[in-house]
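Along the sequence shown, the residues carry numbers beginning at 1.
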Amino acid sequence: MFDLSDQLITMGLWSISIGAFGAAVAGILLANTDFFLSQTEKATLDYLEETELKTIGEEPRLFKAKDLWERDGAVIMAVRRPGCFLCREEASGLSTLKPQLDQLGVPLYAIVKENIGNEVEHFQPYFNGKVFLDAKGQFYGPQKRKMMLLGLVRLGVWQNFRRAWKGGFEGNLEGEGLILGGMFVIGSGKQGILLEHREKEFGDKANLTAVLDAARKISK
């Protein structure tokens, strides 16, 4: 005998399964747009220049961030996490500009937000410049942006993982790595911020050509 109730239950379960699958697909597609990304608030020179930085070494000292660019300007990388293999890849790429930056007389620096164990020391071979500590994370603001589980479903993040892996870069999971980093090219004196790149997802690197073009605009 034909059981209508069983058929209705089966149809209901299929409808729920299809609906759930469709919702999951829609969620993944939406997650790969910029809709859910943290909004970026651009930094100002006034905001950055009074940031208190600390040298990393046997005799650390405190100084104001404006000392980095006051005379010659500077290219500054705000490192998300020095042990991250994506950050090491970006630092290595940025360091290829060092000869050209030296010709321009523009220094290259990196900022980290924490100094854990030997992480900075192990990061240094990938970065051809001095590294300083921004304990308050000013260079990651004014509005600090985090990427949480969203990063695991973004196609761009997995493409960045694959690119760095193929490049032979390795890393670890030491330290805070959810607050996104960035890149700054800052002119001398009060010339201002000539380029500001904010990492929108893990491994989102600044365009090196744009970095070098901005560095060429620094007034001496």
Side-chain angles (χ1 to χ4, degrees), residues 38 43 47-69 74-98 101 107-152 154 156-184 186 197-206 208 211:
S38 301
Y47 169 79
L48 291 178
E49 64 184 5
E50 293 302 315
T51 299
E52 190 174 77
L53 300 179
K54 180 187 287 187
T55 59
I56 296 175
E58 294 182 358
E59 297 181 1
R61 66 177 181 86
L62 297 175
F63 65 97
K64 296 296 185 181
K66 64 181 178 181
D67 293 349
L68 296 181
W69 61 78
V75 174
I76 302 173
M77 176 184 177
V79 182
R80 180 168 52 80
R81 189 170 63 83
C84 171
F85 74 113
L86 293 172
C87 299
R88 291 175 173 183
E89 180 207 25
E90 182 176 9
S92 180
L94 185 61
S95 294
T96 63
L97 299 182
K98 189 66 164 59
L101 293 175
L108 175 63
Y109 302 119
I111 302 291
V112 296
K113 55 183 179 289
E114 56 186 2
N115 182 20
I116 299 176
N118 296 322
E119 289 303 292
V120 173
E121 180 183 345
H122 294 161
F123 172 78
Q124 195 70 71
Y126 301 94
F127 185 75
N128 192 4
K130 293 182 178 180
V131 182
F132 302 102
L133 175 65
D134 174 11
K136 294 182 179 179
Q138 293 285 94
F139 275 80
Y140 302 84
Q143 179 182 351
K144 293 184 177 70
R145 301 157 303 113
K146 284 188 176 183
M147 173 156 283
M148 309 287 281
L149 294 177
L150 180 65
L152 298 178
R154 287 184 65 86
V157 171
W158 288 100
Q159 289 175 331
N160 295 338
F161 283 168
R162 183 173 182 272
R163 182 194 64 227
W165 278 327
K166 288 184 67 176
F169 291 92
E170 297 180 351
N172 58 56
L173 298 176
E174 295 292 329
E176 196 287 321
L178 300 179
I179 298 176
L180 298 171
M183 182 84 64
F184 300 89
I186 304 178
H197 168 78
R198 294 288 185 170
E199 188 181 25
K200 73 175 185 178
E201 62 185 13
F202 301 145
D204 174 34
K205 301 187 295 184
L208 296 183
V211 171

Output yes when Lys64 and Glu49 qualify as a salt bridge under the 4.0 Å nitrogen-oxygen rule, no when they do not.
-> no

Show your working on side-chain contact (heavy atoms from CB on, under 4.5 Å) between Leu94 and Val75 and close with a plain yes or no.
-> CA-CA 9 Å; Leu94 185 61; Val75 174; 4.3 Å; yes

Is any side-chain heavy atom of Trp69 closer than 4.5 Å to a side-chain heavy atom of Ile76?
-> yes

Side-chain heavy atoms of Ser92 within contact of Phe169, under 4.5 Å | yes

Compute the ring centroids of Phe63 and Phe132, then answer whether they are less than 6.0 Å apart.
-> yes

Do Leu180 and Lys146 touch side chain to side chain, with heavy atoms closer than 4.5 Å?
-> no

Provide the full list of salt bridge (Lys or Arg N to Asp or Glu O under 4.0 Å) pairs with a residue in residues 79-91, sequence neighbours left out, each pair given once.
-> Arg80-Glu199, Glu89-Arg163, Glu89-Lys205

Of all the heavy-atom pairs spanning Ala164 and Leu86, show the shortest one and how long it is.
-> CB-CD2, 3.7 Å

Any donor and acceptor pair, going by atom type alone, linking the side chain of Glu119 with main-chain N or O of His122 inside 3.5 Å?
-> no

With sequence neighbours left out, write down each residue that passes side chain to side chain contact (heavy atoms under 4.5 Å, CB included) with Asp134, or none if nothing qualifies.
-> Thr51, Leu53, Ile111, Lys136, Gln138, Phe139, Tyr140

Can you check whether Val112 reaches Ile56 side chain to side chain, under 4.5 Å on heavy atoms?
-> yes

Euclidean distance, Leu208 CG relative to Thr96 OG1, rounded to 0.5 Å = 5.5 Å

Sub-4.5 Å side-chain heavy-atom contact between Phe85 and Trp165 | yes

Over all atoms of both residues, closest heavy-atom pair of Leu108 and Ser95 | CD2-CA, 4.3 Å

Evaluate side-chain contact (heavy atoms from CB on, under 4.5 Å) for Val120 paired with Leu133, printing each intermediate quantity in order.
-> CA-CA 10 Å; Val120 173; Leu133 175 65; over 6 Å; no

Would you say the side-chain atoms of Arg145 pair up with the backbone N or O of Gly181, donor to acceptor, closer than 3.5 Å?
-> yes

Would you call the rings of Phe123 and Phe127 parallel, tilted or perpendicular if under 30° counts as parallel and over 60° as perpendicular?
-> parallel

State, to 0.1 Å, how close Glu174 and Asn172 come at their nearest heavy-atom pair, and which atoms those are.
-> N-OD1, 2.9 Å

Quick one: do Asn160 and Arg162 satisfy side-chain contact (heavy atoms from CB on, under 4.5 Å)? Show the steps, please.
-> CA-CA 5 Å; Asn160 295 338; Arg162 183 173 182 272; over 6 Å; no

Evaluate the side-chain proximity of Lys113 to Ile179: yes if any heavy-atom separation is below 4.5 Å, no if none is.
-> yes

Heavy-atom nearest pair, Ala43 first then Gly141, reads CB-O, 4.3 Å

Can you check whether Val211's main-chain N or O pairs, donor with acceptor, with His197's side chain at less than 3.5 Å?
-> no

For Gly175 against Ile116, the heavy-atom pair lying closest together = CA-CD1, 3.6 Å

Please identify each residue that fulfils side chain to side chain donor-acceptor pair (under 3.5 Å) with Lys54, with sequence neighbours left out.
-> none

Taking all heavy atoms of Leu68 and all of Pro107, pick out the closest pair and write down the distance.
-> O-CG, 4.2 Å

Taking side chain as C-beta onward, heavy atoms only, is Leu178 less than 4.5 Å from Glu176?
-> yes

